Structures are given as C-alpha cells and as structure tokens.
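What follows is a short report on a single structure.
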Amino acid sequence: MSADVEPPGAPGGAGGPVGSHGTGGPGPRPRGRGRRPADEVRADVLRTVGDLVLREGVVDLTFERVARLSGVSKTTLYKWWPSRGALALDGYVHAVQPTLAFADTGDVRADLRRQLGAFAGVMATAGGRALLQLIGQSQTDVDLATAYRALYSSVRRRLAGERLEQARALGQIRADLDVQVLVDQLWGAVYHRLLVPDEPVTDEFLDAVVDNLFRGIAPR
C-alpha cells in the first residue's frame, strides 16, 4: 500500500475538494499528516483528472502531472489505472455523470431528446473530443477497450435501456420493440456524426432523430 493511502474504512484525515473549473486549473493538493483513506484519495484523483480532461482533453495528461496536482504518488496511480487512457476515461466518466443523469419526467420522448442534447453538449467540450480519441485508441488497446465498456458504454446503455423499459411497461412505446436497438438508433446516429463529421450535430438534427423514431418512416 502506498504511503499516501490507507485501506478503506481505516481512520484518516478529511480532505477537501481539489481544483476548480476556472482558467487557472487545479492547484496541487497539500499533503496532510498521516495516510488518507483509499476512497478519499481516489475521489481526489478523479476530480483532478475530470477537471483537466473537460478543460484540456488528454494531450497534456500525464501520471506525473496528476500526481503533482492531486498529491498522490505515481505508485498509487499506476496501481489503480494501468494506462493514461484508463485514467483519463475514469476521470471523464465521473466528471460527466451529473450532466448525463437520465431524467424521468414521465414523458419519454422529451426525456430522450433532453438526454441526447446533454450528450451532444458534453461531446462538444474538450473532454468529449478526448473521449472520441480514446474510443479510437481502444480499437487497438485491449485494456482501454475493457475499461471503456465497464466504466462508460455499458453504464450509459443500461441507463437508457432502463428508461425505455419503463416507458414500454407504461404503454408509451410498443411492447414488441427491442429497447437496445432503440438505444443504438438514437445514440448511434449522434456518434456517427461525431466520428464521421460530414454533417454537424445540431438541435435540428437531434429533433429529427427523435421525431423519426417516434413517427416511423413508413407512409401513412
């Protein structure tokens, strides 16, 4: 166990938040006496990394910089994250969780449109562009691909699926629909425009994606 971490549940000093989303960026976290609980240390690291990734992307993200800003040793960082990509991905996921929380207002159509808009907004940030880079890297990095599925894509798919399952149970969408295919149709369309940027992701595009899904394309 690293000198700056103690096992979860062990007594330790309280730590405050690190960093901010201002232009100055996060400052180094002062080290206190003794060792801090592992979950507190990990939370500090993720806040630091999330702030950096959303503001700057991943180009200048290094274990050395994160260690300096969070006050956590590189030994601890390497023990928890096998690569820079895995560290960046974990920080990004924790940073965007509040923004991408899946609301349930009772109107599934409005909720899907709102969620797609929030997703598109996040993807327009430096962090979102960095996520696209990480997706590309995951095609040849097995560890990063595993982390992407475990930390991000499977979670996002599950949340969207649960919202659609609830709508199906309430009779708001057809009972015979495969909700996972619906997830692919909605988010896949946005990802396609982000990864193959022939056309922009606009509000009009998002409206059309949702409208076409709910209206269908067969002539009436």
Side-chain angles (χ1 to χ4, degrees), residues 50 53-55 57-58 85-86 88-142 144-220:
V53 171
L54 287 187
R55 282 191 301 106
V58 297
L89 179 63
D90 208 354
Y92 170 84
V93 168
H94 282 75
V96 301
Q97 275 180 341
T99 302
L100 297 184
F102 217 114
D104 181 358
T105 66
D107 183 341
V108 65
R109 185 169 179 167
D111 291 345
L112 289 172
R113 175 61 182 84
R114 188 177 297 107
Q115 172 63 206
L116 287 177
F119 172 66
V122 167
M123 295 305 291
T125 68
R129 293 187 290 273
L131 179 64
L132 296 179
Q133 296 171 13
L134 293 172
I135 292 173
Q137 294 172 21
S138 71
Q139 306 307 303
T140 56
D141 184 333
V142 175
L144 181 56
T146 300
Y148 176 77
R149 287 192 296 270
L151 295 173
Y152 188 74
S153 62
S154 64
V155 177
R156 302 310 312 165
R157 178 178 287 276
R158 175 179 57 80
L159 291 174
E162 288 174 352
R163 181 65 188 89
L164 288 165
E165 290 279 8
Q166 184 176 17
R168 183 166 63 180
L170 294 173
Q172 296 175 341
I173 61 176
R174 287 202 335 251
D176 61 335
L177 291 175
D178 185 327
V179 297
Q180 291 304 319
V181 172
L182 295 181
V183 172
D184 288 329
Q185 287 179 274
L186 290 165
W187 277 265
V190 181
Y191 270 118
H192 177 75
R193 285 209 173 189
L194 292 169
L195 291 167
V196 186
D198 293 332
E199 296 288 341
V201 177
T202 62
D203 287 340
E204 292 76 16
F205 167 71
L206 296 176
D207 288 339
V209 168
V210 175
D211 288 346
N212 287 349
L213 183 69
F214 277 85
R215 293 174 183 168
I217 62 172
R220 297 178 182 276

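Throughout, numbering of the chain's residues begins at 1 and tracks the sequence. Worth knowing before you read on, the calculation uses all heavy atoms, side chains too, and leaves out hydrogens, waters and symmetry mates. The structure presented is a predicted model; accordingly, all values stated were derived computationally and were not measured.
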Side-chain donor-acceptor distances from residues 116-135 under 3.5 Å, at least two apart:
| unit_1 | atom_1 | unit_2 | atom_2 | d |
| --- | --- | --- | --- | --- |
| Thr125 | OG1 | Val122 | O | 2.6 |
| Thr125 | OG1 | Gly127 | N | 3.3 |
| Thr125 | OG1 | Gly128 | N | 3.1 |
| Arg129 | NH1 | Ala124 | O | 2.5 |

Contacts under 3.5 angstrom, residues 185-200 side chains, donor-acceptor by atom type, not counting sequence neighbours:
| unit_1 | atom_1 | unit_2 | atom_2 | d |
| --- | --- | --- | --- | --- |
| Arg193 | NH1 | Pro200 | O | 2.7 |

Only distances under 3.5 Å count here; give the side-chain donor-acceptor pairs of residues 88-95 to other protein atoms, sequence neighbours excluded, each with its distance to 0.1 Å.
| unit_1 | atom_1 | unit_2 | atom_2 | d |
| --- | --- | --- | --- | --- |
| Asp90 | OD1 | His94 | ND1 | 3.1 |
| Asp90 | OD2 | Trp81 | NE1 | 2.9 |
| His94 | ND1 | Asp90 | O | 3.0 |

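No donor-acceptor pair closer than 3.5 Å links the side chain of Arg157 to the backbone N or O of Val183.
Of all heavy-atom pairs spanning Ser138 and Ala145, the tightest one is O-CB, 3.4 Å. Heavy-atom minimum distance, Gln115 versus Arg156: OE1-NH2, 2.9 Å.
Counting only residues at least two apart or on different chains, the salt bridge (charged side-chain N to carboxylate O under 4.0 Å, His left out) pairs with a member in residues 109-120 are Arg109-Asp211, Asp111-Arg114, Asp111-Arg163, Arg113-Asp203, Arg113-Asp207.
Note that CD1 of Ile173 and CG of Leu182 are 5.5 Å apart. Values are rounded to the nearest 0.5 Å. If you take CG on Leu100 and CG on Leu159, they are separated by 9.5 Å, rounding to the nearest 0.5 Å. Of the inter-residue distances, the one linking Gln180 atom CD with Leu164 atom CG reads 8.5 Å to the nearest 0.5 angstrom.
Partners of Gln166 by side chain to side chain donor-acceptor pair (under 3.5 Å), not counting sequence neighbours, listed by chain and number: Asp104. Under the rule for a salt bridge (charged side-chain N to carboxylate O under 4.0 Å, His left out), Asp178 has no partner lying at least two apart in sequence or in another chain.
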Please report the C-alpha distance between Val179 and Glu162 in whole Å, then the side-chain angles of each, then the deciding distance to 0.1 Å, and finally whether the side-chain contact (heavy atoms from CB on, under 4.5 Å) criterion is met.
-> CA-CA 9 Å; Val179 297; Glu162 288 174 352; over 6 Å; no
